[in-house]
Amino acid sequence: MTSPTIDAEPDPEHALDRDRLSDPSGPRRLLVAAMVVVGAVAGALVTAASAATALRLAGVPDAGGLTTYGVPVVTAVGQISAAIGLGSAMFAAFFVPPQKGGALDVGGFRAIRWAYTAMLTWAVCALLMIPLTISNVSGYSLSETLKPDNLATAYGQVADGRYWLWTAIFALLAAIVARAALRWGWTFAVLGLAFLSLMPSALAGHSSAGGGHDIATNSLILHIVAAAVWTGGLLVVLAYAFGGGRWRTLALHRYSRVAFWCLIVVGVSGVINALVRMPIGQLFTTTYGLIVLGKLLAFVLAGAIGGLHRWVTIRELDATDEPKKSLFVRFAAVELIVLAVAFGFAAGLSRTPPPDLATADVSPMELKIGYDLNGPPTVARLLFDWRFDIVFGTAAVIMAVVYLRGVWRLHKRGDAWPVGRTVAWLLGCLSLLIATSSGMGRYSPALFSSHMMGHMMLSMLAPVLLVLGGPVLLALRALPPAGRGNPDGPREWILTALHSKFSRFITHPAIVVVVFVGSFYVLYLGGLFDIVVEHHSAHLLMNLHFIVSGYLFYWITIGIDPAPRQLSPVAKLGIVIGALPFHAFFGVALMMTQRIIAGDYYSQLLPSFPLDLAADQRVGGGIAWATGEFPLVIVMLALLVQWRRQDDRAARRFDRKEDRDSDAELEAYNAMLRGMSPGHEPEPPTGETLDDGAADSVDTDSRT
């Protein structure tokens, strides 16, 4: 494979950067090896303290030392590798700029190669975890489990084995893309696949079972991703600064902002996850609680060092000419070792059963969805019986806060921003919050009618309001430009994304309409909902799909933001009128179908109140049919307003043009009318004599 093209005439600093980073980094390899060893040892020590308790609570024989200690060691090594891979991809995508032509700069190229190695290691560890997990669950030795017949039979019975296979697939895909990536745009594919490789482990384990598993799983997703970005990003930034990278100051400041929010997310999500798994009183009295306490202490120490970076060491690094001897390099190395200890504790914690699982008495509904329902879905319960969704509820709050910050920045600068757009955006965020965190979201996993109500709000109402808020236009106005000669910043990233081929592809009207309307039929009438409804990950993906597909549809039809494809108002109206009737047909088909969609799943919940599944499904179909009218009214009004404003802008442009050329077009039109009157001969311009053919030519031009 050819290397990416370096600038044809690099300046001396860039050449120095290339020379330093082209050679294998001995200190970086030593630090990575130290992190892996420390994490593996910490995981093994934690397991040694909790192995007997784990076997007693699980009620299975001891599978042997190879399985007992192999599970936490391989888990710790794999998770550290995944963190390095994710952090490296983020470094190449955001922390250092690419070259002008879009090829990766040398720092970004080196980082994406680190991502390749790390994700390949993560894939190997995930594959090793399949037999280790089966051996751990079954109690058979690893040698016995590895026999082909035993492995094939047990794989279909142990869910964790399937989770690890998906982890290996995503990690391997990320490694393949990273190995082939030479241009900046491909780093986002690596970043996305690396993120997906972390999801199976977040969706499995203790957090996915028992009471409160919805909150535990959602908090664990945020916890794992934030910890991986924090740790992996710090390692790559440290290696880049140690090598005297050209953009080390820029990379450090960008990483510092990201690490600050990762610190908050890791702390809050970790506390929430621990409180769901055990009462706070058991923190000092149980093995599980002591491990949580040790992990918390490691987090506090790493956070303190991170604060020292933010206020002291980064400034010192900016002023020094010897980055290898800077305080940042020394303290960052210590912070990485502390984070490796935290990863080891986390690996050992996954091997240790929470104390509540030994005596937990959960109902079938609580076992399936994570909580019980207090009664049938009355209006009062749908409105006031809230259960905050950590993923989408938090996203709604953050979206509102970030938008208001952008409006405030414009206000401080003296620029106006329409109040109607702000109101629309905030109402859209409120719709997202209500659909996922109110009683509607609470009843959604257990009742098809509530699920359909939330579906309609997420795909038909919230996207309309969010699109009318114009977030892209606000960002382009509020974010400062990078300036000539400076590396691109967030504003330039947005513009690049808008003009990319991928954006043009996903905003093609045919694709948008098929995804927006066709997913209704495939999901519910095609049988896909029956397969995925019992999985928490499927509910997260469905909600995300509803929001994104709805946003893309309304973006190209009524959006006020700049878009990759510009459509006329007539074309937009045609798309809306052509697509929404299929939505109404879907609602009618849903009401008329005799098959109970996901009937096996709903019948297993055994709610405490009587529930007619067929009647509830008809109610859901009626909701799907009726709710399409309200967004249609909003869309039609928005199109009419935009059409009128477009005509007004065209009229103002025409008036300004006429003012500049002294109504030349009007005079030409009047001259044409005079020339058409009976007995009138058109007069040639002063000082010129035109024959009949020339006069006809002038008259034709005037008509045009």
Indicate yes or no for a side-chain donor-acceptor contact from Glu366 to the backbone of Pro364 under 3.5 Å, with no hydrogens or angles considered. no
Using the side-chain contact (heavy atoms from CB on, under 4.5 Å) rule, take Thr436 and Leu458 through it: C-alpha gap first, then chi angles, then the decisive distance, then the call. CA-CA 9 Å; Thr436 57; Leu458 290 175; 4.2 Å; yes
CG/Leu86 to CD1/Ile224 distance, rounded to the nearest 0.5 angstrom? 11.5 Å
If you measure from CD1 on Ile169 to CG on Leu193, what distance do you get to the nearest 0.5 Å? 11.5 Å
For Arg387 and Gly439, indicate whether the former's side chain and the latter's backbone hold a donor-acceptor pair under 3.5 Å. no
Is there a donor-acceptor contact under 3.5 Å from the side chain of Ser450 to the main chain of Ala446? no
In short, Tyr443 meets Asn374 closest at the heavy-atom pair OH-N, 4.3 Å
Before we go on, tell me: are the rings of Phe529 and His451 under 6.0 Å apart, centre to centre? yes
Gln617 side chain vs Ser449 backbone, donor-acceptor pair below 3.5 Å: no
Any chance you could lay out the side-chain hydrogen bond (donor to acceptor under 3.5 Å, both in side chains) test for His539 and Asp214, step after step, and finish with the verdict? CA-CA 10 Å; His539 287 277; Asp214 58 323; over 6 Å; no
Do side-chain atoms of Ser437 reach the backbone of Ile434 as a donor and acceptor pair under 3.5 angstrom? no
Using every non-hydrogen atom in the two residues, find where Pro131 and Leu128 come nearest and quote the distance to one decimal. CD-O, 3.2 Å
Heavy atoms from other residues, nucleotides or ligands near CZ of Phe388 exceed 12 (cutoff 6.0 Å): yes
Donor-acceptor pair, side chain of Ser444 and main chain of Met440, under 3.5 angstrom: no
Give, for atom CG of Leu466 and atom SG of Cys429, the distance between the pair rounded to the nearest 0.5 Å. 5.5 Å
Smallest separation among heavy atoms of Ser141 and Ser135, with atom names: C-OG, 3.6 Å
Euclidean distance, Leu523 CG relative to Ile531 CD1, rounded to 0.5 Å: 10.5 Å
Would you kindly say whether Asn136 and Thr67 are connected by a side-chain donor-acceptor distance under 3.5 Å? no
Can a donor-acceptor pair be found, under 3.5 Å and without considering hydrogens, that links the side chain of Tyr521 to the backbone of Phe586? yes
Report yes or no: do Ser219 and Asn273 form a side-chain donor-acceptor pair below 3.5 Å? yes
What I want to check is whether the side chains of Ser197 and Trp122 have a donor and an acceptor closer together than 3.5 Å. yes
I'd like to know if the side chain of Ser201 and the backbone of Leu198 have a donor-acceptor N/O pair within less than 3.5 Å. yes
For Phe553, run the ring pair (Phe, Tyr, Trp, His ring centres under 6.0 Å) check against Phe516, Phe546, Phe582, Phe520 and tell me which one passes. Phe516
Atom CZ of Phe505: over 12 foreign heavy atoms under 6.0 Å: no
Over all heavy atoms of both residues, which pair between Val292 and Ala274 is shortest? Give the atoms and the distance, please. CG1-CB, 4.0 Å
CH2 (Trp166) with more than 12 external heavy atoms under 6.0 Å: no
Quick check for you: to the nearest 0.5 Å, what is the distance between Ile506 atom CD1 and Ser549 atom OG? 11.5 Å
Leu468 side, atom CG; Trp555 side, atom CH2 - distance, nearest 0.5 Å: 14.5 Å
Please report the shortest heavy-atom distance between Ala202 and Ile221, naming the atom on each side. CB-CG1, 3.8 Å
Side-chain (His535) to main-chain (Ser537) donor-acceptor, under 3.5 angstrom: no
Taking Thr133 for its side chain and Met129 for its backbone only, find out whether a donor-acceptor pair lies under 3.5 Å. yes
I'd like to know whether the aromatic ring centres of His455 and Tyr524 sit less than 6.0 Å apart in this structure. yes
